[in-house]
Amino acid sequence: MKRILIVGNWKMNLTIHEASLLVKRLSDHIPVHRDIEVVLAPSMLALQPISREIDQRKFHLAAQNAYYKDEGAYTGEVSFTMLRGIADYVLVGHSERRIYFNESLDTICNKVQAAIRNDITPILCIGENKHERESGETKRVLHDQLTTAIANLTEDEVERVVIAYEPVWAISTFGNGIPAKPDEIHAAIKWIRSILGDLYGEQMATDMRVIYGASVDTEFVPSILGLEGIDGLLPGAASLNYAKFAGIVEAAYKMLHSGQKS
Ligand code: PGA
């Protein structure tokens with residue numbers, strides 16, 4: 001049985017001090033759950049101090065980004081190598097990085113490879129934007145973003161990647177704070193797994209972790225997490241509020257233990 005993965009993407013929010021306060025609050029409100037893995041993604045600056053403060057039975061850490069070269073003359077960048085021992089996960093291909101920082105499919109492919117090379121699990125974010133959705137291109141976009149990102153990995157390496165379906169139009173900052181409808185999420189997750197199935201076989205497609213992000217909040221947890229094939233959630237805005245984030249974890253726990261999770 002896979003553990004449910006819940007990743008809070010704090011984006012470019014909170015000073016080191018504020019981040020530390022949030023971790024304390026979360027620690028007070030989130031118990032250790034054997035079947036749920038909770039991951040926090042603070043800013044690059046807060047990662048290291050927080051890595052010393054967290055109760056590692058409760059939380060793991062993710063970086064929100066890193067550069068794909070291991071070291072060298074790349075002013076201003078932080079490499080995956082530097083994150084070893086601090087972060088277990090790194091977000092790669094988030095739509096904000098694709099849109100605001102012009103990250104190309106090639107860059108994302110290099111970052112996924114660098115994460116694996118440095119023993120950090122990439123959380124590969126893929127998702128169509130509003131225009132692509134309205135012109136019926138969702139499947140093509142998901143296919144292209146997924147296959148190009150994992151193109152240079154061996155099968156064993158691919159299996160370690162977490163895929164996050166994040167429809168750009170539903171992310172709180174781009175959309176209206178309402179997640180995609182459960183049937184839309186289900187169709188996308190099914191499509192992602194079918195791409196993996198064609199490439200690597202059914203077993204691997206079932207075993208890999210695929211999660212959903214975009215306007216996740218406590219009230220939506222049962223309808224999203226109850227869908228077949230969803231292994232977790234990636235909330236952004238809601239993860240900055242300790243009560244909401246703890247509520248998301250609690251709702252996931254309740255689902256698991258009420259037998260509603262397939
Ligand atoms: P949101 O962000 O939950 O605020 O929509 C999700 C994300 O961008 O990862």
Side-chain angles (χ1 to χ4, degrees), residues 4-14 18-19 22 26 37-44 46-47 59-66 87-103 108 111-112 115 121-130 132-133 138 141-142 145-146 149 161-182 184-185 188-189 192 209-225 227 230-252:
I4 294 290
L5 181 64
I6 299 182
V7 186
N9 177 10
W10 296 358
K11 307 194 178 184
M12 198 179 73
N13 293 293
L14 309 181
E18 289 164 344
L22 179 55
L26 291 174
E37 180 176 0
V38 182
V39 178
L40 310 174
S43 75
M44 197 63 99
L47 260 179
F59 306 115
H60 288 130
L61 293 180
Q64 296 173 19
N65 180 38
D88 293 317
Y89 293 88
V90 177
L91 300 180
V92 178
H94 192 280
S95 55
E96 285 150 18
R97 297 217 54 89
R98 294 181 196 256
I99 294 166
Y100 301 138
F101 303 97
N102 300 317
E103 284 199 7
I108 291 162
K111 289 189 175 193
V112 169
T121 302
I123 300 175
L124 171 67
C125 303
I126 60 173
E128 79 287 2
N129 64 29
K130 187 164 180 277
E132 291 159 343
R133 174 181 184 237
T138 299
V141 170
L142 294 179
Q145 291 184 351
L146 174 56
V161 176
V162 174
I163 298 162
Y165 172 53
E166 294 214 299
V168 180
W169 51 272
I171 290 179
S172 63
T173 37
F174 299 116
N176 54 9
I178 308 281
K181 293 205 183 74
E184 293 171 309
I185 300 174
I189 299 288
I192 290 167
R209 289 183 290 176
V210 184
I211 66 176
Y212 171 82
S215 294
V216 171
D217 213 331
T218 321
E219 73 220 81
F220 304 119
V221 173
S223 60
I224 301 175
L225 215 46
L227 296 168
I230 297 260
D231 300 317
L233 301 166
L234 174 50
S239 70
L240 291 167
N241 176 313
Y242 78 88
K244 284 187 180 200
F245 191 66
I248 289 171
V249 177
E250 174 70 16

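Quick caveat, the model's predicted, so the values are computed rather than measured. Numbering of ligands and ligand atoms starts at 1, following listing order.
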For Lys181, what residues pass the salt bridge (charged side-chain N to carboxylate O under 4.0 Å, His left out) criterion, not counting sequence neighbours? none
Using modelled atom types and a 3.5 Å cut-off, is there a donor and acceptor pairing between side-chain atoms of Asn129 and backbone atoms of Val168?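 It does not hold such a pair.
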Provide the full list of salt bridge (charged side-chain N to carboxylate O under 4.0 Å, His left out) pairs with a residue in residues 232-248, sequence neighbours left out, each pair given once. Asp217-Lys244
Mind checking side chain to side chain contact (heavy atoms under 4.5 Å, CB included) for Ala62 and listing every partner two or more places apart, or none if nothing turns up? Val39, Ala41, Tyr89
Checking side-chain polar atoms at under 3.5 Å, does Trp169 have a donor or acceptor matched by the opposite partner on Glu132?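 No, because no side-chain N or O of Trp169 sits under 3.5 Å from a partner of the opposite role on Glu132.
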Checking His94 against Glu166: is there a side-chain donor and acceptor pair closer than 3.5 Å? yes
Please produce the table of protein N or O atoms sitting under 3.5 Å from N or O atoms belonging to ligand 1, one pair a line, distance to 0.1 Å.
| residue | atom | partner | partner atom | Å |
| --- | --- | --- | --- | --- |
| ligand 1 | 2 (O) | Lys11 | NZ | 3.2 |
| ligand 1 | 3 (O) | Ser215 | N | 3.3 |
| ligand 1 | 3 (O) | Gly236 | N | 2.7 |
| ligand 1 | 4 (O) | Ser172 | OG | 2.5 |
| ligand 1 | 4 (O) | Ala237 | N | 2.9 |
| ligand 1 | 5 (O) | Ser172 | N | 2.7 |
| ligand 1 | 5 (O) | Ser172 | OG | 3.4 |
| ligand 1 | 5 (O) | Ser215 | N | 2.7 |
| ligand 1 | 8 (O) | Lys11 | NZ | 2.7 |
| ligand 1 | 8 (O) | His94 | NE2 | 2.7 |
| ligand 1 | 9 (O) | Asn9 | ND2 | 3.4 |
| ligand 1 | 9 (O) | His94 | NE2 | 3.1 |
| ligand 1 | 9 (O) | Glu166 | OE1 | 3.3 |
| ligand 1 | 9 (O) | Glu166 | OE2 | 2.8 |

